[in-house]
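Residue indices begin at 1 and follow the sequence shown. Model, not experiment: these values are computed from the prediction.
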Amino acid sequence: MTAYGSQEMSAPLMRVLMRRPGESLKGADAAKWHYGPTFDGARAVHQYKAFAELVEKSGTEIIWLEDEGDGLADAMFTHDPSLMSDHGAILLRMGKPLRVAETALHEKAYAERQIPILGRIHGEGTVEGGDCIWLDAKTLVIGRGVRTNQEGIDQISSLLAPHGITVLAYDLPLWHGEEACLHLMSVMSPLAEDLALVFAPLLPAAFYQLLKKRGIRLIEAPADEFHASNGLSLNVLPTKPYEVIMVEGFPATKAAMEAAGCTVETFEADALCIACEGGPTCLTRPVLRRAA
């Protein structure tokens, strides 16, 4: 089996990089990390276990990073420090200064498994994985905002262009400000090749029009649940097309996906995802997605 490769968002998740939270999260300073009032480190670790069990149940192989007390509370959000392509991993440079050191954890994990590095973002460039969506195998869409800048986007374009991949960039709104986290994937979750859950009021207009032109069916996320969850009701992880994992407590959003043909599994995450501003997708870095 090919050990890596991922240029789509909803094909069967065969292999994923995840970090089991431990002492760094349990002892995290909520104010320093911009965690919300429902944060509870011990409960968050417990809730993460339930999420990991759902991922394993889907048949996905998990490559584990362990929290050995390095103080990197956000490192459980493995989606952001690297991006996988069919040509190797791209090591990203985080826009949140507290998270810059996380990239080295990914680099070490890839080296240990002989997964090649296609390149890295350097200098003043910043890109976070949550701003990157594979629209198809030859088109990467990137959100330009607080966490991802034009220099970083230009560097990714240079790395991918020789492989025939086009990078499209769209501006994101500021929304709750510089300290909060609005990624492109905060407003769109692909559920299958032809289906996505979106919060249209915050989507870049030109990107919304492109999705419609591509014939992708768009499920509009219920606004009340989106705002009540700070956008986490929309952060949904497909383990296969039409099979997804989401945060518990948002029945209207769940029902909308089920009405579109999805099977939806949920897990309790008020102390983990809601408090720490990252959902099921953020907690995973797909290393291999492939149609079986």
K.L.:
Once rounded to the nearest 0.5 Å, what's the spacing between atom CZ of Arg15 and atom OH of Tyr4?
P.N.:
11.5 Å

K.L.:
Start with the C-alpha gap between Leu168 and Ile142, add the side-chain angles, then the distance that decides, and say whether side-chain contact (heavy atoms from CB on, under 4.5 Å) holds.
P.N.:
CA-CA 6 Å; Leu168 304 176; Ile142 304 182; over 6 Å; no

K.L.:
Please report the shortest heavy-atom distance between Glu220 and Tyr208, naming the atom on each side.
P.N.:
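Looks like OE2-OH, 4.1 Å.
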
K.L.:
Does Leu135 reach the side chain of Leu210, with side-chain heavy atoms less than 4.5 Å apart?
P.N.:
yes

K.L.:
Would you compute the distance between atom CD1 of Ile245 and atom OG1 of Thr263 and round it to the nearest 0.5 angstrom?
P.N.:
12.0 Å

K.L.:
Pick from Asn235, Val187, Leu191: which one makes a side chain to side chain contact (heavy atoms under 4.5 Å, CB included) with Leu197?
P.N.:
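Filter result, single survivor: Leu191.
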
K.L.:
With distance as the sole test, does Lys240 use its side chain to make a donor-acceptor pair with the main-chain N or O of Ser58 at under 3.5 Å?
P.N.:
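Yes, Lys240 side chain to Ser58 backbone: donor-acceptor pair under 3.5 Å.
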
K.L.:
Return yes if some donor-acceptor pair links the side-chain N/O of Glu243 with the main-chain N/O of Pro238 below 3.5 Å, else return no.
P.N.:
no

K.L.:
I'd like to know if the side chain of Thr78 reaches the main chain of Arg285, judged simply by a donor and an acceptor atom lying under 3.5 Å from each other, with no hydrogens or angles considered.
P.N.:
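Yes; judged by distance alone, with no hydrogens or angles, the pair exists.
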
K.L.:
When you compare the side chain of Phe199 with that of Ser186, does any pair of heavy atoms fall below 4.5 Å?
P.N.:
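Ser186 vs Phe199: side chains apart.
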
K.L.:
Is a donor on one side and an acceptor on the other found under 3.5 Å between the side chain of Arg99 and the backbone of Ala75?
P.N.:
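No.
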
K.L.:
Counting N and O atoms only, with roles assigned by atom type, does the side chain of Thr266 sit under 3.5 Å from a partner on the main chain of Glu248, one being a donor and the other an acceptor?
P.N.:
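Between the backbone of Glu248 and the side chain of Thr266 there is no qualifying donor-acceptor contact (under 3.5 Å).
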
K.L.:
Does any non-hydrogen side-chain atom of Asn230 lie less than 4.5 Å from one of Ile274?
P.N.:
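In short, these two side chains do not touch, never coming nearer than 4.5 Å.
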
K.L.:
Are a donor atom and an acceptor atom from the side chains of Ser82 and Tyr110 found within less than 3.5 Å of each other?
P.N.:
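Looking only at side-chain atoms, Tyr110 and Ser82 do form a donor-acceptor pair, the distance falling under 3.5 Å.
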
K.L.:
Considering residues, nucleotides and ligands other than Lys57, do more than 12 of their heavy atoms fall under 6.0 Å from its NZ?
P.N.:
no

K.L.:
Which distance, rounded to the nearest 0.5 Å, do you find between the CZ of Arg289 and the CH2 of Trp134?
P.N.:
13.0 Å

K.L.:
So, does Asp86 use its side chain to make a donor-acceptor pair with the main chain of Ser6 at under 3.5 Å?
P.N.:
yes

K.L.:
Are any of the side-chain heavy atoms of Thr239 and Pro12 separated by less than 4.5 Å?
P.N.:
no

K.L.:
Testing the basics here: between Met188 and Leu234, what is the closest heavy-atom pair and its distance to 0.1 Å?
P.N.:
N-CD2, 3.3 Å

K.L.:
What's the spacing between Ile121 CD1 and Leu92 CG if we round to 0.5 Å?
P.N.:
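Between Ile121 CD1 and Leu92 CG, I get 6.0 Å after rounding to 0.5 Å.
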
K.L.:
Sequence neighbours excluded, which residues qualify as side chain to side chain donor-acceptor pair (under 3.5 Å) partners of Asp70?
P.N.:
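Residues passing side chain to side chain donor-acceptor pair (under 3.5 Å) with Asp70: Arg19, Ser24.
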
K.L.:
Quiz question: by atom type and distance under 3.5 Å, do the side chains of Asp40 and Tyr35 form a donor-acceptor pair?
P.N.:
no

K.L.:
So does Glu53 pair up with Lys49, basic N to acidic O under 4.0 Å?
P.N.:
no

K.L.:
Could you go step by step and tell me if Leu174 and Val146 meet the side-chain contact (heavy atoms from CB on, under 4.5 Å) rule?
P.N.:
CA-CA 7 Å; Leu174 188 59; Val146 171; 3.6 Å; yes

K.L.:
Return the minimal non-hydrogen interatomic distance between Ala271 and Ala275, and the atom names on each side.
P.N.:
O-CB, 3.5 Å

K.L.:
Salt bridge or not between Arg20 and Asp67? Use side-chain N to carboxylate O under 4.0 Å.
P.N.:
no

K.L.:
For residues Ala192 and Pro241, report the shortest heavy-atom separation together with the two atoms involved.
P.N.:
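Heavy atoms only, the tightest pair is CB-CB, 4.1 Å.
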
K.L.:
Can you confirm whether Leu237 sits close enough to Thr284 that some side-chain heavy atom of one is under 4.5 Å from a side-chain heavy atom of the other?
P.N.:
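A side-chain contact exists here, since the closest heavy-atom pair is under 4.5 Å.
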
K.L.:
May I have the step-by-step check of ring pair (Phe, Tyr, Trp, His ring centres under 6.0 Å) for His46 and Phe51, ending in yes or no?
P.N.:
CA-CA 9 Å; His46 178 72; Phe51 169 67; over 10 Å; no

K.L.:
Salt-bridge test for Arg43 and Asp270: reply yes if a basic N is under 4.0 Å from a carboxylate O, no otherwise.
P.N.:
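Yes.
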
K.L.:
When the ring centroid of Phe39 is compared with that of His34, is the distance short of 6.0 Å?
P.N.:
no

K.L.:
Compare all side-chain heavy atoms of Leu13 with those of Leu288 and state whether any distance is below 4.5 angstrom.
P.N.:
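Sidechains of Leu288 and Leu13: no contact.
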
K.L.:
Atom CG of Asp80 and atom CG of Leu83: how far apart are they, to the nearest 0.5 Å?
P.N.:
10.5 Å

K.L.:
Please report the shortest heavy-atom distance between Gly88 and Ser85, naming the atom on each side.
P.N.:
O-OG, 2.7 Å

K.L.:
Verify the distance criterion only: is there a donor paired with an acceptor across the side chains of Thr139 and Asp136 at less than 3.5 Å?
P.N.:
yes

K.L.:
Apply side-chain contact (heavy atoms from CB on, under 4.5 Å) to Arg120 and Ile90, showing your working.
P.N.:
CA-CA 5 Å; Arg120 69 176 67 228; Ile90 299 174; 5.9 Å; no

K.L.:
Shortest non-hydrogen contact from Gly71 to Trp33?
P.N.:
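What the structure gives for the nearest pair is O-CZ2, 3.3 Å.
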
K.L.:
Checking Glu225 against Thr253: is there a side-chain donor and acceptor pair closer than 3.5 Å?
P.N.:
yes

K.L.:
Do Asp131 and Arg147 have side chains that approach each other closer than 4.5 Å (heavy atoms only, starting at C-beta)?
P.N.:
yes

K.L.:
When Leu272 is tested against each of Val45, Leu283, Thr38 for side chain to side chain contact (heavy atoms under 4.5 Å, CB included), which residue passes?
P.N.:
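Answer to the side chain to side chain contact (heavy atoms under 4.5 Å, CB included) test with Leu272 among Val45, Leu283, Thr38: Leu283.
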
K.L.:
Is it the case that one hydrophobic cluster holds both Leu17 and Val100, taking links as side-chain heavy atoms less than 4.5 Å apart, direct or via other members?
P.N.:
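Different hydrophobic clusters.
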
K.L.:
Does the side chain of Tyr170 reach to within under 4.5 Å of the side chain of Leu184, using non-hydrogen atoms?
P.N.:
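Counting from C-beta outward, Tyr170 and Leu184 never come under 4.5 Å.
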
K.L.:
Could you check whether any side-chain N or O of Arg93 sits under 3.5 Å from a backbone N or O of Gly152, counting only pairs where one atom can act as donor and the other as acceptor?
P.N.:
no

K.L.:
Would Met94 and Glu102 count as a side-chain contact (heavy atoms from CB on, under 4.5 Å) here? Give the steps.
P.N.:
CA-CA 8 Å; Met94 306 290 281; Glu102 294 176 28; 4.3 Å; yes

K.L.:
If you round to the nearest 0.5 Å, how far is CG of Asp171 from CD of Gln150?
P.N.:
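These two atoms lie 8.5 Å from each other.
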
K.L.:
Just by distance, do the side chain of Ser157 and the backbone of Val167 share a donor-acceptor pair under 3.5 Å?
P.N.:
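No; zero donor-acceptor contacts below 3.5 Å.
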
K.L.:
Would you find a donor on one side and an acceptor on the other, under 3.5 Å apart, between the side chain of Asn149 and the backbone of Thr126?
P.N.:
yes

K.L.:
Treating Glu151 as the side-chain partner and Glu124 as the backbone partner, does any N or O pair qualify as donor plus acceptor under 3.5 Å?
P.N.:
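Side chain of Glu151 to backbone of Glu124: no pair is present.
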
